[in-house]
2 protein chains.
Amino acid sequence: MGRKSLKESRQPEIIKAFYKLAKREGLENASIAKTAALININPSLIIHYFQTREQLVSALIEFILERYLQIFKTPTISEEDPKKRLLTVIDKLFSHKWNILFDDSVAYSCYSMVFRDKKVKAKFKVVLDQLRHNLEAMIKDANEAGEMNVADPARAADMVFVIVDGAYYYLSLESNKDEYRKKLEFYKQQAIQQLNLYAYETIPG
Amino acid sequence: MGRKSLKESRQPEIIKAFYKLAKREGLENASIAKTAALININPSLIIHYFQTREQLVSALIEFILERYLQIFKTPTISEEDPKKRLLTVIDKLFSHKWNILFDDSVAYSCYSMVFRDKKVKAKFKVVLDQLRHNLEAMIKDANEAGEMNVADPARAADMVFVIVDGAYYYLSLESNKDEYRKKLEFYKQQAIQQLNLYAYETIPG
DNA sequence: AAATTAATTGAATGTTCGTTCAATTTATTT
DNA sequence: AAATAAATTGAACGAACATTCAATTAATTT
């Protein structure tokens, strides 16, 4: 008996507010007090749900990493043709929505913890590997459907993400929208080329 | 008359201590008081030389960015053959010393400010562009010496750095030393391939 | 040695921080 | 309506923070 727990709704609400604040002012300036003020609750309530700021940050990291994986959990998957499906994912990786995930002060701040916190490092590793494995599986599907012939799907998938990560690292500094668009398109073509490097068959534009 | 300024020696000393501390505890936990304690001076002295913590961080960013450019300011340049010189730089980019610059919590924390501070963004842009221009110049030299024929040196240089940045973003999560070494070598080969993509002549291993 | 200027210290400031704890409110069950 | 358990508040804590200011020390010049 007694009151029902509100954890499942309150915790995400707090994490989202914390994230919003961190985006605005930087993770290092995102405090419990400010977060509480943002959603009109008492700071103690945040401690009630997360015990320490450290655990709140930990929850934030998981929140961010979950978003990364969502690229494989969208209507894309419903695409019937394996090669089309693959190219749709590549499209998405170099699209505006995916940009937003990378043009993100908070994500880089979280990433910086990788060097001081083994658990954070492990979390990031799991997600980045998952992304690679998912893409690898799609490449294999396209191979088996006879639509492509990538000799080493694992390495190809790896390289695609290396290009994605390296591309946004540089693109986030580009203020000129037109330059941004052009470069993004160039990097996308480079990523697609990775699927051709070992391919006997070329992908029609 | 009066006492001579010690700025030129004191400022770097303070920046280095601040950097050391930031590496150990994270930039967000690196305070003026702790930095002062580290080199046995009074906290006020740091304010004397930098006025605010913000300016100290700004100096730290410049310190870090200067180190990036040093890859082109080493004995490498003395190499007589343009192609050898180019490959030596590629070697360095995927070497242990360059690793250290990237396996660095502080650099990513600084980078995260890019999204909230236009000046920081501009600073990073200048340095990343400089790196690309330097490499582009070396590719052109090798082209003109008739040793290579890279059709688009600017894009090739860009791609090399995209691969470097993307590679370390993933590699920094790899704890297994053997895996790390293997993957680093693979990425290096991919970078070298970028110089061959448009080349009529292949580079002998 | 007197004057000058920067280096350096030390005490003090007000602010914000994360966290604790007891008290109160609110929802749910018996 | 009584019992229960979680939600929520509000006051309070000490710690650490960046920064200030005046006082002192140390080097350099005339």
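Chain A is the first sequence line, chain B the second, and so forth, proteins listed ahead of strands; every chain is numbered from 1.
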note: A:Leu56, atom CG; C:dT19, atom C1'; distance rounded to Å ~ 14 Å
Closest to the side chain of A:Ser44, out of D:dT19, C:dC21, D:dA27, is C:dC21
B:His48, nearest nucleotide to its side chain (from C:dT26, C:dT8, D:dT20): C:dT8
I need the NZ-P distance between A:Lys7 and C:dA27, as an integer number of Å. 20 Å
Where the side chain of B:Leu45 is defined as all heavy atoms beyond and including C-beta, which of C:dT19, C:dT8, D:dT8 is the nearest nucleotide? C:dT8
For C:dT29 and A:Arg3 - does any side-chain N or O of the residue sit under 4.0 Å from the phosphate oxygens OP1/OP2? no
Which nucleotide in the list C:dG10, D:dT8, C:dT19 gets nearest to the side chain of B:Asn42? C:dG10
May I have the distance from A:Phe50 (atom CZ) to C:dG18 (atom C1'), rounded to whole angstrom? 15 Å
Charged N-O contact under 4.0 Å between B:Glu13 and B:Arg10: yes
Go through D:dT9, D:dT19, C:dG18 for me and flag the one nearest to the A:Arg53 side chain. C:dG18
Side-chain N or O of A:Ser31 less than 4.0 angstrom from OP1 or OP2 on C:dC17? yes
Identify the two heavy atoms, one from B:Val160 and one from B:Ala191, that lie closest to each other, and give their separation to 0.1 Å. CG2-O, 3.8 Å
So if I take every side-chain heavy atom of B:Ser5 and compare against D:dT19, C:dT8, C:dA6, which nucleotide ends up nearest? C:dA6
Considering only heavy side-chain atoms of B:Ile47, the closest of D:dT8, D:dT19, D:dT28 is D:dT19
Could you pick out which residue, B:Ala30 or B:Gly2, lies toward the 5' side of DNA chain D when each is mapped onto its nearest nucleotide? B:Ala30
Charged N to carboxylate O under 4.0 angstrom, B:Arg155 versus B:Asp158? no
Rounded distance in Å - CD1 (A:Ile32) to P (C:dG18): 5 Å
Does B:Asp104 form a side chain to side chain donor-acceptor pair (under 3.5 Å) with B:Tyr19? I'd like the steps, not just the answer. CA-CA 11 Å; B:Asp104 187 339; B:Tyr19 176 59; 2.6 Å; yes
For the NZ atom on B:Lys16, are there more than 12 heavy atoms of other groups (residues, nucleotides or ligands in this structure) within a distance under 6.0 Å? no
Rounded to whole Å, please give me the gap between CZ in A:Arg10 and P in C:dA27. 12 Å
Please check the phosphate of D:dA7 (OP1 and OP2 only) for any side-chain N or O of A:Lys4 closer than 4.0 Å. no
Considering only C:dT19, C:dT9, D:dT9, which nucleotide approaches the side chain of A:Thr52 most closely? C:dT19
Look at the side-chain N and O atoms of A:Tyr49 and state whether any lies under 4.0 Å from the OP1 or OP2 oxygen of D:dA7. yes
Is the number of heavy atoms from other residues, nucleotides or ligands under 6.0 Å of A:Lys20 NZ greater than 12? no
Interatomic distance where CD1 belongs to A:Ile41 and P belongs to C:dT26 [whole Å]: 16 Å
Starting at atom CG of B:Asn29, determine the distance to atom C1' of D:dA16, rounded to an integer number of angstrom. 11 Å
Roughly how many Å is it from CD1 in B:Ile14 to C1' in D:dA18, rounded to a whole number? 15 Å
